[in-house]
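Take a look at the structure set out below.
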Amino acid sequence: MTAADALAAGDFDDGLRQLLAMWDHHRSPELAAFIEGVSAHVTNLLPPLEPGESREHLAAWIALARAHEPSDVGRLLAKIKLPVLLASGLISMADELLTLPPDPRIAALCAKLVEPDALRYAGGPGDKVFTRACKGLELHADPRLTKAIDRTSNDPYYARTPHQRRLGGLAAAWRKRWPTPPDEPAELAALRAVALPSAITAIAKPPRDADSLLAEIYARPDDDGPRLVYADLLAERGDPRAELITLQLARAAGRGTPAGDKREAALLREHKTAWLGPLAGSVVVGRTEWARGFPVATRPSVTKQAQAESAFGRREWATFERIDFGGACLITEAMRGLRAAHNVTEVALRKLAGTPPLAELAVELDRGRELRVSQPTIALALKLPELRTLTLASPLWRGGDALPAFVAAVAPRLAHLAVHGEGIPDDAITAVLAANASGLASFGWGVPGARFVVTRDGSGALSKPVKQASR
């Protein structure tokens with residue numbers, strides 16, 4: 001009996017067992033989504049496990065896990081409530097999950113267990129929880145989680161620890177084994193063609209509505225899965241944007257060609273203004289860059305601060321990774337994929353909404369600001385969890401002789417620092433360079449038209465100052 005026959009007949013254990021065996025050899029995002037859909041349907045048919053966290057409840061959970069029935073995994077995982085169980089019982093549960101065959105449902109749980117917030121709940125057994133969760137990620141590896149593991153490993157909670165190295169090694173191993181999203185297995189296409197229970201097909205098939213797919217893309221801008229499905233839908237409609245998405249995803253995966261690059265350029269010349277949609281009037285179209293089928297970098301054309309909230313609050317900003325503000329400035333919750341923001345005002349920084357994954361920030365400070373970590377706006381910038389590159393600009397610095405102490409204070413937190421503006425004495429710059437820039441990978445300073453940067457080479461030595469080109 002095939003997996004399709006088993007599912008159509010209601011034999012969910014056999015159907016899921018065959019799907020998981022397929023997953024062990026072919027870990028495609030579509031197959032993972034199908035398994036999760038079948039599991040959600042089956043879990044709704046089964047009675048939930050009795051609530052409680054006593055020794056008896058834990059024993060019942062372990063007994064059910066040891067039966068190794070794939071249809072039970074959904075309700076077994078539903079029993080794991082992180083704030084409640086991390087303090088007691090979770091290690092025993094994790095040990096049982098390590099005995100189960102590779103399963104994308106378990107991989108998703110393990111990814112949550114290595115998040116800093118989860119380990120903070122764990123208290124004493126945190127390292128044991130982390131070790132088991134990493135083993136679970138190695139066994140149940142789901143390529144869809146690669147970028148999520150990257151983000152977790154870059155959290156300051158893990159900075160310069162063996163935990164950070166282990167998570168980084170996991171993500172690197174996944175990229176090496178699955179350098180591009182694996183193709184959907186032929187068996188899955190056959191599964192979708194048979195008469196499965198309607199509740200399964202409704203959950204497991206990807207949505208075919210364009211707006212819901214766009215909403216998913218904007219909710220998870222790092223995930224290529226929804227973009228591929230969206231491209232398929234557009235292709236069915238004869239929309240040329242499907243070709244752009246496909247070409248740019250191939251280039252991002254290292255499969256680009258010169259002919260493909262030329263075709264991308266032609267498509268964008270003809271359609272980019274239309275594809276920007278409601279953002280076309282808020283950005284400089286000619287300075288907007290595209291990747292993976294969507295805009296990723298731009299210079300906004302909004303000049304009035306009164307228009308900033310409505311202009312920058314649209315969901316379409318989710319795919320932008322770099323914004324070089326030139327007039328009105330505001331970073332909103334919609335900009336969930338933003339990694340680099342330039343010419344950010346103090347007011348905009350104070351109004352920062354949410355926690356965008358900003359790794360690079362350039363702030364225009366008011367005249368006469370002090371070069372001190374305690375200066376409120378600077379302190380606010382340094383609190384961004386993923387920040388690695390910081391540029392501070394002020395027309396005139398006050399207390400510029402504090403520069404060496406300032407650089408020494410922020411160097412453990414940053415990789416790259418630049419301080420632009422007048423009021424910094426030459427001997428302060430000399431002192432910073434004499435201290436070898438306190439370990440920074442690069443350090444910049446100066447005024448418009450005379451800005452310089454030094455960088456660190458492989459041996460750790462600083463280069464000679466190089467004049468920077470204007471942005």
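Note that the structure is predicted; figures quoted are calculated from it, not measured.
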Over 12 foreign heavy atoms within 6.0 Å of CZ, R350: yes
Over all atoms of both residues, closest heavy-atom pair of L387 and A381: CD2-O, 3.3 Å
Sub-4.5 Å side-chain heavy-atom contact between K112 and I80: no
Non-hydrogen side-chain atoms of E264 and D261 separated by less than 4.5 Å: yes
Partners meeting side-chain hydrogen bond (donor to acceptor under 3.5 Å, both in side chains) with T389 (sequence neighbours left out): none
Closest heavy-atom pair and its distance - D142, P104: OD2-CB, 3.8 Å
Side-chain heavy-atom pair C329, E364 within 4.5 angstrom cut-off: no
Mutual orientation of the aromatic rings belonging to Y218 and F294 [parallel < 30°, tilted 30-60°, perpendicular > 60°]: perpendicular
Check: R456 and S442 side chains under 4.5 Å, non-hydrogen atoms: no
V73 and L77, any side-chain heavy atoms less than 4.5 Å apart: yes
pair E289-T298: side-chain heavy atoms closer than 4.5 Å: no
Side chain to side chain contact (heavy atoms under 4.5 Å, CB included) partner of W290, chosen from L276, V296, I245: L276
Listed partners of R315 passing salt bridge (Lys or Arg N to Asp or Glu O under 4.0 Å), at least two apart: D211
Test item: R144 side-chain N/O and D224 main-chain N/O as donor-acceptor pair under 3.5 Å: no
Stepwise ring pair (Phe, Tyr, Trp, His ring centres under 6.0 Å) test for F312 and F320: CA-CA 11 Å; F312 296 129; F320 283 85; 9.9 Å; no
Expected output: side-chain S39 to main-chain I35 donor-acceptor under 3.5 Å: no
Steps toward ring pair (Phe, Tyr, Trp, His ring centres under 6.0 Å) verdict (H342, F325): CA-CA 6 Å; H342 296 266; F325 293 97; 9.6 Å; no
Check: W178 and T146 side chains under 4.5 Å, non-hydrogen atoms: no
Flag, side chain of R27 to backbone of A141, donor-acceptor distance under 3.5 Å: yes
E360 side chain to A340 backbone, donor-acceptor under 3.5 Å: no
Using distance only, find each side-chain donor-acceptor pair of residues 91-103 under 3.5 Å and give its atom names and separation, not counting sequence neighbours.
unit_1, atom_1, unit_2, atom_2, d
D95, OD1, R132, NE, 2.7
E96, OE1, R66, NE, 3.2
E96, OE2, R66, NE, 3.1
E96, OE2, R66, NH2, 2.9
T99, OG1, H68, NE2, 3.3
T99, OG1, E96, O, 2.6
D103, OD1, R105, N, 2.8
D103, OD1, R105, NE, 3.0
D103, OD2, R105, NE, 3.2
D103, OD2, R105, NH2, 2.7

N/O donor-acceptor pair under 3.5 Å between K79 side chain and E50 backbone: yes
pair R322-L338: side-chain heavy atoms closer than 4.5 Å: no
Side-chain donor/acceptor of R241 to backbone N/O of G293, under 3.5 Å: yes
Check: A40 main-chain N/O paired with T43 side-chain donor or acceptor under 3.5 Å: no
